[in-house]
Amino acid sequence: MTIKITLPDGSEKNFEQGVSAMDIARSISEGLARNVLTASVNGEVWDATRPIYADATVQLMTWNDPEGKLGFWHSSAHLMAEALEALYPGIKFGIGPPIEAGFYYDVDTGDRVISSDDFKRIEDKMIELARQKNQYIRSEVSKADAIKYFEQKGDQYKLELLEGLEDGEITFYQQGQFVDLCRGPHISDTGKIKAIKILKVAGAYWRGDENRKQLTRLYGISFPKQKELTEYLTMLEEAKKRDHRKLGSELGLFMFSERVGAGLPIWLPKGTALRNRLMNFLREEQIKRGYQEVITPHIGKKELYVTSGHYAKYGEDSFQPIHTPKEGEEFLLKPMNCPHHCEIFAHRPKSYKDLPVRLAEFGTVYRYEQSGELHGLSRVRGFTQDDAHIFCTQEQVKAEFLNVLDLTKYVLKKMGFNHFTAQISLRDPDNPDKYLGTDENWEIAERAIIEAVAETGMETRTVLGEAAFYGPKLDFMIRDALNRQWQLGTIQVDYNLPRRFALEYTGSDNAAHQPVMIHRAPFGSMERFISILIEHTGGKFPLWLTPDQYALLPMNDDLIAHCEDIQAQLAALDIRGLIDKRTESIGRKIRDTELKKIPLMLIVGEKERRSGLVSVRKQGAGDQGTMSLEGFVQYFGELLNQE
RNA sequence: GCCAGUAUAGCUCAGUUGGCCAGAGCAGCUGAUUUGUAAUCAGCGGGUCGGGGGUUCGAAUCCCUCUACUGGCUCCA
């Protein structure tokens, strides 16, 4: 009997019943068959070797398809498990899925410890097993048999996983000596896995529950070609070179001190200059868009946060209250700015004619983060949000969203981030009770967000159930120069705080109404944003932003005075830079300036002084020739305009 | 907070199984050199080997503990 197979290009072919995707690939070309990893059959991803018994639409998945990679890495996880079982007899297995880049397996090693010293032998064992070209064999098993198998093996984790599975949907996969409970799909055989690297080892709670046993999680990555592994490792090296903690220290942007405290960044002069420039840039844009800037204290009475509800929810996991010595009053370090801003809104009666009120503040907040969470500038205990709260009517939500979206897009583009998407988080339709605010208001807000984003033409992703209990939100996701994805700014609608603070305005009907509150922060926090910006640019900041725009390099000490004269002329034009006054060779001065990633170098020798010229060199691009100072200013202006 | 690891000069790193005053390169300082597009030469100073405790005749090295950092997990208003 023959069945009809439809391929993605629309072509149809007849095959014997029981044909596999691999057979189909082979009928097209041997080369294709070698590259096929998995296959989508009627939209479901299958083993390429699994027989097809009915008419189907089949898409062959190779390394170029995300589904192909996932199958490949999933199979690699099984291969790692097989190697581990061989090296550590009696080891127990949790789960071992593919991830965005590679795979991991959670294992219980009993008394033994696996550390990075063991990676090499695990890799070697995996390669040895891979070379056996063992097939991944799928089999359907009854629940009873599955339980029996893992009881015999003594693997309580697999038994626990089986509890959640229905009889009839349970499949095993076996390759070589290793059998695993697995839904699949897998690649045809281990021989396709040519290059393997174990990357890291970490603790991971069983089923993500911190009250349960912590297993050992081994991360690895694998490729069909050695060359691809080498490229991947090179990319990791590049990321390491751009690490904001390393560059931040090298460029003198910020520091940490054990004595000041973990997670409390200290901004050095150059970092402060950069950060202030960034803030001023946003500040000016906000004023253009109708924001008013405010300043509120770094602490607030505990009652403020009791009112806002934050104390009940986060009080225990916050820095504990500060007490006044005599009165026994309790103050909290402010973990967010919104309660203060609510007080500002409530300060004077508001009319509908006052709305929207947009209050912006570069507000420094302090949050307790668990010690193991801290990470450079991206996860800290004290940071400054580019915060603002918009108080508006329900009808104004969409226009306000558009305003914020426009601002955020403008700001990110200026910063050199050209790939970003919006992630919209909406209510969980199955769980309407956990949300605050009326159905009708949610409806309006959600629709406003969706429509506003649609109008900007941004790429969007909508996730149901990810909204906060107090309102829907939108997060900006950006891709950096190394194609890594980060979450940046956020816009959140809030129905909770206006209610808790009993905020109101008088409408045109002369009745009191509750305003809607929108939280928004285009950068998120200055610290986190700058950490991403450092890694995105590799420390080569845009000209307008960088702490030193040029370095004047005198050929000899007699030219320093002349350089100071040039520096003063440029400073008058808001062009900032430094003079390398060291008695060093010009080669050395150039090299050091290049390494400091200062964008422009002005080399001044006797020749230039006599002719009133400067020799211009661009960081990373070499000699740009000589020009007059006016010529340089113009050149500089052109570079600025290009940004 | 949990698991695993790391901590030697300002930076990057050496320091064999515990054993002479703990080393190098770069940076710094001093002197000479006054330089033409990515490192001029020479000399010098600099470390309570993260803090504390212990084992030992003897500890950078072994053990305990604290702190910080790294990679994850959990968390993230």
Within 6.0 angstrom of A/K597 NZ, more than 12 heavy atoms from elsewhere: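 It does: A/K597 NZ has more than 12 such atoms within range.
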Neighbour count >12 (heavy atoms, 6.0 Å) for atom CZ, A/R582: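 Atom CZ in A/R582 is packed in, count exceeds 12.
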Classify [X] by what it touches in the nucleic acid, base, sugar-phosphate, or nothing, heavy-atom distance under 4.0 Å.
X      : result
A/K589 : nothing
A/I603 : base
A/G376 : sugar-phosphate
A/Q624 : nothing

Given atom [atom1] of [X] and atom [atom2] of [N], what is their separation to the nearest angstrom?
X      : N     : atom1 : atom2 : result
A/Q619 : B/U37 : CD    : P     : 18 Å
A/R582 : B/A27 : CZ    : P     : 9 Å
A/L595 : B/C26 : CG    : C1'   : 12 Å
A/L218 : B/G5  : CG    : P     : 13 Å
A/D580 : B/U34 : CG    : P     : 18 Å
A/R259 : B/G51 : CZ    : P     : 13 Å
A/L602 : B/G36 : CG    : P     : 19 Å
A/I586 : B/U33 : CD1   : C1'   : 15 Å

Is [Y] paired with [X] through a side-chain N to carboxylate O contact shorter than 4.0 Å?
X      : Y      : value
A/D592 : A/K596 : no
A/R358 : A/E400 : yes
A/K473 : A/E466 : no
A/R245 : A/D243 : yes
A/R528 : A/E535 : no
A/R609 : A/E606 : yes
A/E527 : A/R379 : no

OP1 or OP2 of B/G1 under 4.0 Å from side-chain N/O of A/S371: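 Answer yes for this pair, as a side-chain N or O of A/S371 is under 4.0 Å from OP1 or OP2.
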Footprint string (nucleotides 39-47 of chain B, 5' to 3'): B base within contact, S backbone only, - free, heavy atoms under 4.0 Å: BB-------
Contact letters for nucleotides 71-77 of chain B, in which S counts primed atoms plus P, OP1 and OP2 and B counts the base, heavy atoms under 4.0 Å: BBBBBBB
Range-with-range stems of RNA chain B (Watson-Crick or G-U pairs under 3.5 Å, three or more in a row):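 In RNA chain B, stems of three or more pairs: B:1-7 with B:67-73, B:10-13 with B:23-26, B:28-32 with B:40-44, B:50-54 with B:62-66.
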Under 3.5 Å, sequence neighbours excluded: what are the donor-acceptor pairs made by side chains of residues 233-241 of chain A?
| from | atom 1 | to | atom 2 | distance (Å) |
| --- | --- | --- | --- | --- |
| A/T234 | OG1 | A/T230 | O | 2.7 |
| A/E238 | OE2 | A/R242 | NE | 2.9 |

Residue pair A/T364 / A/T384, side-chain donor-acceptor N/O under 3.5 Å: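 Side chains of A/T364 and A/T384: pair found under 3.5 Å.
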When rounded to the nearest Å, what value does the distance between [atom1] atoms of [N] and [M] take?
N     : M     : atom1 : value
B/U8  : B/C69 : C1'   : 15 Å
B/U17 : B/U61 : P     : 14 Å
B/U55 : B/C13 : C1'   : 30 Å
B/C3  : B/C57 : C1'   : 39 Å
B/C26 : B/A39 : P     : 14 Å
B/C64 : B/G25 : P     : 36 Å
B/G43 : B/G36 : P     : 25 Å
B/C63 : B/C76 : P     : 37 Å

Tell me if the aromatic rings of [X] and [Y] count as close, with their centers under 6.0 Å from one another.
X      : Y      : answer
A/F319 : A/Y366 : no
A/F345 : A/F391 : yes
A/Y311 : A/Y305 : no

Donor-acceptor pair, side chain of A/E330 and main chain of A/K301, under 3.5 angstrom: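 Pair absent, no side-chain N/O of A/E330 close to backbone of A/K301.
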Polar side-chain contact A/E594-B/A38 base: donor and acceptor under 3.5 Å: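 Answer yes: a donor N or O sits under 3.5 Å from an acceptor.
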hbond_proxy A/R617 side chain to B/A38 base (donor-acceptor, 3.5 Å cutoff):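 Looking at the base of B/A38, it does pair with a donor or acceptor on the side chain of A/R617 (distance under 3.5 Å).
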A/G620 vs A/I114, nearer the 5' end of RNA chain B by closest nucleotide: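 Final value for this comparison: A/I114.
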Residue pairs passing the ring-ring contact (aromatic ring centres under 6.0 Å, His included) test where at least one lies in residues 197-218 of chain A, sequence neighbours excluded: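 Residue pairs with at least one partner in residues 197-218 of chain A: A/Y157-A/W206.
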RNA chain B-proximal residues of residues 550-563 of chain A, any heavy atom under 4.0 Å: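 Contacts with RNA chain B under 4.0 Å: A/M555, A/N556, A/D557.
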